[in-house]
Amino acid sequence: MEIRILRNFIVVVQEEGVTAAADVLRISQPALSRQIKELEHEVGASLFVRGNRSRSLELTDEGRLLYRRAREIVELADRTKSEIAAGERIEGDVHIAAAQSVVMRLVGRAATRLRECHPDIRIRLHDGFGADIVEWLNNGLADFGVLVQPTDMSRYDHLVLPGGDEVGVLMRDDDPLASHDAIRARDLQGVPLIMPQGALNRREYSGWFGRYGRNLNIVGTMNLSYNASRFVQEGYGCALGYGGIVDMSAGSGLCFRPLDPPLHGSLSMAWKKDQTLTPAAAAFLETLRDVVAREEDTEGRTDGTD
């Protein structure tokens, strides 16, 4: 499978047609059509739905899979070329896949210090959740991934990020639960809940709910807290998740109450074992280690420990 042909296939999908793609690529339409047919022959499947009366092409299931993989292959090829060209110079992109979390402030702090020393390094953030992040790490599309624990870390080296997120309930400020200082498991009986999909998959809160977890009224799942907050504002339900991510300033109509007993999420910065980091990625990791060490030292002094 030639990278050049995959690039052209991506353009055909993005331009929603061979004619428009041929104009963008500045090649003849027959030549591009021939490339697509040869690609279909090579993969052994039709990539586009034939006989579609609409002007835009529609991908088959196999076409959608190839489009997704083609983008990954092309990006990985471009990154490899860039890294080889950079050699030992401390420059280039550092790719970090991460879910939404307040601990990203530490990552941002490390990125800021890194830029002061190496202004030619760029941080590229990829928003996602557990399964996406693991896939990006395994495929080499991300140098690092911020993973919520517990996660199988047997394939990764990792650095624990201090200051785990506080778990609680996001609700409208006129919700009856807003009168509580904290939320107990029994308070959520019958309450329409939007739950984090990853936490459900990991049964992350089953121990906290105990016997009250048998009859939860789960009305939806989420991956991004911001999107869930829009549903909460409209009265769809309350959202269980991490605090400090969504805007709850005056006029937002939202408030957050922590769980009782308290529950905190733990996150780690992970990278593949035995992976040779690029000079830029290695410099970022060294800076992050220093930021984390300083943060832990500060927390220790605050707690009154040595």
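All residue numbers refer to positions in the sequence shown, counting from 1.
- Expressed to the nearest 0.5 Å, how far CG of L161 lies from CG of L288 amounts to 6.0 Å.
- Counting only distance, with no hydrogens or angles, the side chain of R257 and the backbone of H180 share a donor-acceptor pair below 3.5 Å.
- The distance from atom CZ of F284 to atom CG of L277, rounded to the nearest 0.5 Å, is 11.0 Å.
- Inspection of the D165 and S101 side chains reveals an N or O donor paired with an N or O acceptor under 3.5 Å.
- Residues Q189 and R186 bring no donor and acceptor atom of their side chains to less than 3.5 Å of each other.
- Using cut-offs of 30° and 60° on the angle between ring planes, the pair H126 and W136 is tilted.
- In the model, Q149 has no side-chain atom that pairs as donor or acceptor with a side-chain atom of S266 under 3.5 Å.
- Nearest heavy atoms, P258 versus E166: CB-OE2, 3.4 Å.
- Counting heavy atoms of neighbouring residues, nucleotides and ligands inside a 6.0 Å radius, atom CZ of F209 exceeds 12 of them.
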Q) Under the salt bridge (Lys or Arg N to Asp or Glu O under 4.0 Å) criterion, do E135 and R69 qualify, and how do the steps go? A) CA-CA 12 Å; E135 183 175 356; R69 294 306 184 196; 2.9 Å; yes
Q | Pair V102-Y242, side chain to side chain contact (heavy atoms under 4.5 Å, CB included): steps then yes or no | A | CA-CA 8 Å; V102 295; Y242 297 135; over 6 Å; no
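- Screening T151, V146, V160 against S268 for a side chain to side chain contact (heavy atoms under 4.5 Å, CB included) leaves a single residue, V160.
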